[in-house]
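Report on the following structure.
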Amino acid sequence: MSYAITKRCIQCDNCVPLCPTGAIKVLEGDYWIDPNLCNNCQDYVAPQCIVSCPVNSPVPWQAKKGRCKVDARTVPSPDLFPDGKSHPFASAIAVWELCNVLAQRQSLFWETDASGEMHYQRQINGGKGAIAFRVTDTVHSESSDALKGEKALLAVEKFDIRAACMHLIYAAYVTNLDKPWEEEFIISDRQIEDYLGLDKRKDLSKSTKLSFIKELAQQPCRLVACINSPQQGKIKEICLKKSRLWHLLDIHHHFQEDELGCKHLVGLTFKIKAGEWVQYFLNRQGCKERRAFYQYGTLPKALLSAVISIWQQHEGAARMMLWLLFKTKMGREQRVTVPTLMRIAYGDRRLSKISIQPERQRLLKAFESDLEVLNHYGLKPIFDPVTYPVEIQPLWAKLVDIPEDAEAALEFWINDGSHSTRLTDAAPRGKWNRLMNARILYFELPPEWAQPTKSKKQHTHQKTQRKRQATLSTEYILEARKKLGLSQRDLAQLTGKSQSWIRDIENGRFQAKWEDQMLLRNALGMN
């Protein structure tokens with residue numbers, strides 16, 4: 001049982017330092033007990049807030065009943081996904097690597113530098129540059145001191161893979177800004193609930209959702225990046241030192257009082273600003289002048305809810321899904337080896353320690369199950385027939401072609417049983433070693449993952465314009481034919497049509513197709 005502070009509170013500040021869990025907070029001048037942190041002081045004889053309060057203000061907390069009132073809030077930025085499917089998002093290397101850090105956490109190789117700070121580093125631009133991430137214990141922009149030793153590792157372990165979804169939401173919002181290095185964007189808890197699919201979770205209370213959202217919103221802002229990239233053409237060298245990718249400028253808490261005066265948290269609003277990296281990697285004007293980049297991709301809304309749904313049972317699939325979001329941006333024919341996907345899904349450390357057969361069998365079973373999850377969400381792997389033949393493919397991939405009709409399915413299994421090898425036979429010997437050399441040609445993507453192509457739009461627009469120009473009215477055809485002194489039979493012979501077809505067109509019974517209208521134009525000398 002947790003406690004709440006009533007309006008009898010005189011703000012004496014006696015209870016705040018005595019709370020063992022730090023549940024008592026002072027927000028905008030008011031005292032409030034976070035019910036998700038309060039544990040009734042289980043290691044004490046009595047709750048410390050009650051013992052220290054001179055006016056008996058704390059009372060047992062009861063969940064708020066009924067709907068929350070719509071209070072006056074800061075107007076958030078426009079919603080993402082107006083079509084309900086996808087939205088552009090910043091996809092620069094800094095965004096990709098921060099997504100990997102939040103998704104893979106302690107699976108990455110974290111090293112200690114000369115000053116004792118823990119960091120994860122990756123080479124970029126063919127080894128000519130590097131990007132490194134360090135963890136801080138605060139989201140405040142003015143403080144960028146990185147954690148050291150065990151504190152850093154503990155902070156990394158507490159990262160949640162679902163925070164990568166929040167990071168992608170930030171990357172989508174920032175593409176709506178003309179000058180993201182100067183402008184801010186505001187997100188409300190209601191928007192985040194919609195993006196992550198939390199509005200459908202009836203098993204979570206409002207306070208639990210808000211506490212969860214608040215923690216996820218802060219995690220991408222606790223990392224600082226060091227980016228060193230050499231000069232590329234007219235784009236000058238990029239050198240950023242301990243720069244946050246996201247600045248959490250403010251968290252506005254929205255409360256509602258009940259009849260006892262207890263405050264209930266009913267909403268949150270986050271004010272976010274992008275870091276210095278956007279001047280180099282999301283600069284539209286600079287890209288036109290070839291002095292900066294403007295790198296973006298397509299963020300499907302379905303990916304966010306999918307990661308939230310599968311992260312616990314299939315964390316490897318969630319990691320691969322987030323990685324493929326950036327990988328597929330580079331083009332369809334991006335061949336991926338099985339060891340690469342396994343390192344993404346389970347980490348270098350775990351893969352390097354696999355030595356005995358039972359461990360390999362468990363990892364192989366998890367990998368094939370995770371591939372099946374990706375296929376379920378529309379990311380269908382296309383196996384290389386040379387290095388990844390049917391005999392070592394997952395069983396679910398072999399059973400895809402089973403007919404749905406009962407008689408056809410029976411015939412399918414009869415034919416399968418008549419062969420020397422069957423679909424349900426045990427895996428061949430040496431499957432693990434063969435998989436270490438296997439490749440996936442590409443992943444077939446759902447429609448909402450596809451990148452918008454300007455050339456197709458322009459082609460469609462030109463075709464539409466031509467079609468509009470070729471549209472002929474019945475009166476125009478009749479008048480043009482009479483001016484040339486042609487009969488309906490003459491016009492029919494010139495166009496290769498029947499006389500009755502010409503008569504029906506002139507009477508307005510139907511409209512000629514675009515190709516037939518071009519024939520009429522040629523016959524009537526309208527080109």
Side-chain angles (χ1 to χ4, degrees), residues 22 25-30 32 34 71-80 87-90 92 94-95 98-99 101-102 133-147 155 158-160 162-196 209-227 240-255 265-284 299:
K25 304 179 183 297
V26 183
L27 299 172
E28 300 171 7
D30 294 326
W32 175 66
D34 188 343
D71 54 355
R73 300 191 183 189
T74 305
V75 178
S77 301
D79 291 347
L80 301 177
H87 191 279
F89 81 107
V95 178
L98 180 54
C99 186
V101 170
L102 294 171
F133 287 92
R134 291 173 171 80
V135 188
T136 65
D137 59 353
T138 178
V139 298
H140 299 301
S141 303
E142 59 274 6
S143 176
S144 59
D145 294 334
L147 296 177
K158 290 181 180 179
F159 282 141
D160 194 318
R162 293 169 289 182
C165 295
M166 188 68 69
H167 165 59
L168 293 176
I169 291 173
Y170 294 166
Y173 265 103
V174 79
T175 58
N176 290 336
L177 307 178
D178 293 329
K179 295 182 178 181
W181 52 89
E182 297 178 357
E183 303 174 67
E184 308 158 353
F185 55 91
I186 299 173
I187 314 177
S188 69
D189 62 284
R190 296 173 184 173
Q191 292 174 317
I192 295 172
E193 279 191 40
D194 175 53
Y195 303 151
L196 301 182
K209 288 183 183 179
L210 292 175
S211 179
F212 171 66
I213 289 173
K214 183 177 179 180
E215 178 59 27
L216 290 189
Q218 294 181 82
Q219 287 188 15
C221 306
R222 290 187 180 138
L223 288 129
V224 293
C226 297
I227 304 175
L240 298 178
K241 299 295 184 182
K242 292 187 177 181
S243 174
R244 294 185 189 272
L245 265 66
W246 307 109
H247 299 283
L248 183 53
L249 303 181
D250 183 42
I251 304 178
H252 191 64
H253 300 76
H254 305 277
F255 290 96
L265 184 65
V266 296
L268 294 168
T269 303
F270 304 95
K271 183 182 291 186
I272 311 292
K273 184 179 180 182
E276 297 179 65
W277 63 275
V278 290
Q279 296 191 42
Y280 304 96
F281 299 102
L282 201 69
N283 190 332
R284 187 177 283 106
L299 174 63

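No experiment lies behind these values; they were computed from the predicted model shown.
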Fill in the blank from the handout: side chain to side chain contact (heavy atoms under 4.5 Å, CB included) test vs Glu184 passes for just one of Leu177, Leu249, Ile272, namely Leu249
Problem - Distance, nearest 0.5 Å, that separates NZ of Lys273 from CG of Leu248 - result: 13.5 Å
Exercise for the section: First locate atom CH2 of Trp246, then atom CG of Leu98, and finally report the distance between them rounded to the nearest 0.5 Å. Expected result: 8.5 Å
Problem - Tyr170 and Leu245, any side-chain heavy atoms less than 4.5 Å apart - result: no
Practice task
For the pair Tyr173 and Phe185, name the ring-plane relationship: parallel under 30°, tilted 30 to 60°, perpendicular over 60°.
Solution key: parallel
Exercise for the section: Indicate the ring-plane relationship of Phe255 and His253, choosing parallel, tilted or perpendicular according to the 30° and 60° boundaries. Expected result: parallel
Problem - Distance-minimising heavy-atom pair for Arg284 and Thr175 - result: NH2-O, 4.1 Å
Problem - Which atom of Leu168 lies closest to which atom of Cys99, heavy atoms considered - result: CD2-SG, 4.5 Å
Handout entry: Heavy-atom side-chain contact between Leu268 and Ile251 under 4.5 Å
Key = yes
Practice task
Would you mind reporting whether Trp181 and Asn283 have side-chain heavy atoms less than 4.5 Å apart?
Solution key: yes
Fill in the blank from the handout: Rounded to the nearest 0.5 angstrom, the CD1-NZ distance for Ile192 and Lys209 is 13.0 Å
Problem - Beyond-backbone contact of Phe281 with Val95, side-chain heavy atoms, under 4.5 angstrom - result: no
Problem - Note, Cys165 side chain near Leu196 side chain (heavy atom, < 4.5 Å) - result: yes
Exercise for the section: State whether the side chain of Gln279 and the backbone N or O of Glu276 hold a donor-acceptor pair below 3.5 Å, judged by distance alone. Expected result: no
Expected list for residues 216-225: side-chain donor-acceptor pairs under 3.5 angstrom, two or more places apart:
unit_1	atom_1	unit_2	atom_2	d
Gln218	NE2	Lys214	O	3.3
Gln219	OE1	Asp160	N	2.8
Gln219	NE2	Glu215	OE2	3.2
Arg222	NH1	Glu215	OE2	3.1

Exercise for the section: Locate the shortest heavy-atom distance separating His247 from Ala274; write the atom from each residue and the value. Expected result: CD2-O, 3.7 Å
Exercise for the section: Any chance you could measure Ile213, atom CD1, to Arg190, atom CZ, to the nearest 0.5 Å? Expected result: 11.5 Å
Fill in the blank from the handout: Rounding to 0.5 Å, atoms OG (Ser77) and CD (Glu183) come to a distance of 9.5 Å
Practice task
Work out which heavy atom in Ala155 is nearest to a heavy atom in Val135; give both atom names and the distance.
Solution key: CB-CG1, 3.8 Å
Practice task
Answer yes or no: are there more than 12 heavy-atom neighbours, outside Lys242 itself, under 6.0 Å from its atom NZ?
Solution key: yes
Problem - Closest non-hydrogen atom pair, Thr136 against Asp145 - result: CG2-O, 3.3 Å
Problem - Backbone N/O of Gly267 and side chain of Asp189: donor-acceptor pair under 3.5 Å - result: no
Completion exercise
Of all heavy-atom pairs linking Ala163 and Leu102, the shortest is O-CD1, 3.8 Å
Fill in the blank from the handout: When rounded to the nearest 0.5 Å, the distance separating CD1 of Ile227 from OH of Tyr280 is 9.5 Å
